[in-house]
*Asks:* 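My questions will all concern the structure given below.
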There are 2 protein chains.
Amino acid sequence: MNPRGRRPGGADTRTAILEAARGEFAARGYAGASLRGIARAAGVDPRLVHHYFEGGKSALFTEVMAIPLDPAATVAKILQGPPEQIGERIVRTFLTVWDDPQYQPTLVGFIRSVFVDEARMVQVQGYVATDIFGQVIAAHPHARQLPPRERALRAGLIASQMLGLALGRYVVGLPGLVRAPAGTLVERIAPVIQGHLER
Amino acid sequence: MNPRGRRPGGADTRTAILEAARGEFAARGYAGASLRGIARAAGVDPRLVHHYFEGGKSALFTEVMAIPLDPAATVAKILQGPPEQIGERIVRTFLTVWDDPQYQPTLVGFIRSVFVDEARMVQVQGYVATDIFGQVIAAHPHARQLPPRERALRAGLIASQMLGLALGRYVVGLPGLVRAPAGTLVERIAPVIQGHLER
DNA sequence: ATCTTTATTCATCATGTGATGAAATGTATG
DNA sequence: CATACATTTCATCACATGATGAATAAAGAT
């Protein structure tokens with residue numbers, strides 16, 4: 001039917017696939033999205049997905065989820081400044097990243113995929129608990145002096161707070177959270193986190 | 001190979017399937033669990049799943065997720081007692097239900113399935129926001145007087161708090177939250193919820 | 001102008017899925 | 001004892017999935 005061979009003009013197929021995949025993964029999660037569906041969304045033959053992403057679906061997913069956002073740097077930035085405003089900086093940074101249309105589909109896709117794959121869940125668990133909020137705890141003048149069990153608890157409380165915010169606002173779409181401007185959420189949630197650090 | 005026909009002895013196949021399904025749905029989510037896998041886990045021919053649950057996978061899922069736990073009654077119970085301890089009662093009730101081995105697999109399965117199916121997400125969104133925490137807001141002497149937008153925000157904040165707790169403690173398994181006894185979590189989280197109601 | 005590389009389409013494969021029909025065999029009922 | 005019914009096994013269906021091989025045409029290099 002269609003003419004075979006290379007298409008004229010430099011249509012950036014690879015990018016089209018990546019973007020379609022981002023959307024599909026965000027909307028349906030890893031298991032729910034199909035190669036064919038992604039190809040369809042990109043207006044492209046399914047075979048091309050394999051052509052551009054050797055390793056198929058999982059390779060594509062890996063590339064989609066490779067967010068150009070250095071968590072270590074972000075954490076470092078949060079840690080700068082007065083410790084009594086760490087909570088505010090955490091929430092504000094978090095919302096800024098998640099509200100950014102450049103990152104949002106990727107992050108939503110990522111967080112939805114987390115609950116499907118057991119291995120990924122363990123990986124995230126260690127990552128979030130240790131690399132992100134563990135760092136925050138370790139840098140806080142009061143919290144750093146607590147016994148390990150207490151530190152883990154605080155990290156867990158903060159992590160669950162942010163997890164709930166991400167899911168409520170961006171995945172489930174709880175109206176109260178979706179409609180609220182970022183500033184309002186910072187105002188409400190920052191003190192909670194600050195409390196988990198200081199009290 | 002195996003002898004056909006009705007098996008001797010009163011093996012309660014239906015229950016076996018239900019329990020296997022509960023486990024599979026909890027472990028893999030709705031999409032991830034397969035009829036054949038459930039049948040295998042129950043030690044039963046796949047056809048029997050259709051035999052006992054007319055409507056197949058979705059009917060089975062519906063039945064599995066029909067928790068014998070009346071949310072309205074639970075909410076009503078929470079609303080009894082002094083308003084200044086509503087937060088505490090919410091968190092305590094929540095943890096009691098989720099820590100109960102009778103409910104836990106079902107609830108975990110349910111919450112994991114929520115993020116896969118778009119329709120289910122919308123359903124839960126309305127349910128959680130309106131039926132559960134909307135009720136709580138409506139019953140609180142201070143929060144009930146707030147403008148609608150504020151009430152929705154408070155409900156969202158509380159819902160996201162509990163959502164994060166459920167995911168952190170029971171799904172992702174953040175160590176700090178898993179190891180903490182229920183009492184400790186009540187101690188930490190109840191004031192936050194109370195604050196969302198009163199301030 | 002020729003050759004190589006890349007992009008694209010088409011045609012299948014093997015596998016796993018949920019679903020259904022039909023046969024066989026036990027238990028219960030008359 | 002005979003008949004009806006519920007339970008179980010087997011055999012497929014139709015379909016979607018991810019993956020791969022092969023053919024073809026454009027673009028780029030020499």
Side-chain angles (χ1 to χ4, degrees), chain A residues 1-25 27-65 109 113 116-117 119-120, chain B residues 1-22 24-25 27-65 109 113 116-120:
Chain A
M1 189 87 55
N2 281 327
R4 289 196 169 183
R6 190 169 186 170
R7 270 288 170 76
D12 194 346
T13 307
R14 202 191 135 91
T15 304
I17 293 175
L18 262 177
E19 277 177 26
R22 225 183 291 278
E24 289 291 299
F25 282 135
R28 308 175 200 268
Y30 180 75
S34 76
L35 273 192
R36 290 162 148 92
I38 292 169
R40 206 177 312 126
V44 136
D45 189 280
R47 181 64 225 250
L48 290 179
V49 178
H50 283 90
H51 181 64
Y52 285 105
F53 302 91
E54 209 164 338
K57 188 179 182 180
S58 71
L60 175 57
F61 185 72
T62 301
E63 182 133 348
V64 164
M65 292 305 153
S113 79
V116 173
D117 182 9
R120 186 171 298 274
Chain B
M1 187 86 57
N2 282 327
R4 290 193 169 186
R6 187 169 187 169
R7 270 289 169 76
D12 193 346
T13 306
R14 202 190 134 90
T15 305
I17 293 174
L18 263 177
E19 277 178 23
R22 225 182 291 276
E24 290 291 299
F25 283 134
R28 306 175 201 268
Y30 180 74
S34 76
L35 272 192
R36 291 161 149 90
I38 291 169
R40 207 178 313 126
V44 137
D45 188 282
R47 181 65 225 249
L48 290 178
V49 178
H50 283 91
H51 181 64
Y52 284 104
F53 302 91
E54 207 164 339
K57 189 180 182 179
S58 71
L60 175 57
F61 185 72
T62 301
E63 182 132 350
V64 164
M65 291 307 154
S113 79
V116 174
D117 182 9
E118 190 75 23
R120 187 171 296 276

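Sequence lines set the chain letters: A, B, ... in the order given, protein chains first and strands last, and positions in each chain run from 1. Note that this is a predicted model, so its numbers are computed, not measured.
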*Asks:* Atom CG of B:Asp45 and atom P of C:dT25: how far apart are they, to the nearest Å?
*Replies:* 15 Å
*Asks:* Taking atom P of D:dT8 as reference, at what distance in whole Å does atom CZ of B:Arg14 sit?
*Replies:* 13 Å
*Asks:* Residues two or more places apart in sequence or in another chain: which of them pass side chain to side chain contact (heavy atoms under 4.5 Å, CB included) with A:Glu63?
*Replies:* A:Arg14, A:Leu18, A:Phe53
*Asks:* When you compare the protein's N or O atoms with those of nucleotides 16-20 of chain C, which come within less than 3.5 Å of each other, and at what distance?
*Replies:*
residue	atom	partner	partner atom	Å
C:dT17	OP1	B:Ser34	OG	3.3
C:dG18	OP1	B:Leu35	N	3.1
C:dG18	OP1	B:Lys57	NZ	3.2
C:dG18	OP2	B:Leu35	N	2.8
C:dG18	N7	B:Arg36	NH1	2.3
C:dG18	O6	B:Arg36	NH2	3.2
C:dA19	OP2	B:His50	NE2	2.9
C:dA19	OP2	B:Lys57	N	3.2
C:dA19	O5'	B:His50	NE2	3.4

*Asks:* Got a sec, which residues hit side-chain hydrogen bond (donor to acceptor under 3.5 Å, both in side chains) with A:Ser34, two or more places apart in sequence or on another chain?
*Replies:* none
*Asks:* Return no unless some side-chain N or O of B:Thr13 is found under 4.0 Å from OP1 or OP2 of D:dT7.
*Replies:* no
*Asks:* Taking CG from A:Leu48 and P from C:dC10, how many angstroms apart are they, rounded to a whole number?
*Replies:* 11 Å
*Asks:* Once you round it to whole Å, what is the distance between P of C:dT5 and NE2 of A:His51?
*Replies:* 14 Å
*Asks:* Below 30° counts as parallel, above 60° as perpendicular, anything between as tilted: where do the rings of B:Phe25 and B:Tyr30 land?
*Replies:* parallel
*Asks:* For A:Arg40, enumerate each residue passing the side chain to side chain contact (heavy atoms under 4.5 Å, CB included) test, keeping only those at least two apart in sequence or located in another chain.
*Replies:* A:Arg36
*Asks:* Just grab all the salt bridge (charged side-chain N to carboxylate O under 4.0 Å, His left out) pairs involving residues 42-54 of chain A, residues at least two apart or on different chains.
*Replies:* none
*Asks:* Does A:Tyr52 make a side-chain N or O approach to OP1 or OP2 of C:dT6 shorter than 4.0 Å?
*Replies:* no
*Asks:* What is the separation between atom CG on B:Asp12 and atom C1' on C:dT27, rounded to the nearest whole Å?
*Replies:* 16 Å
*Asks:* Could you tell me if the side chain of A:Leu35 sits less than 4.5 Å from the side chain of A:His50, heavy atoms only?
*Replies:* yes
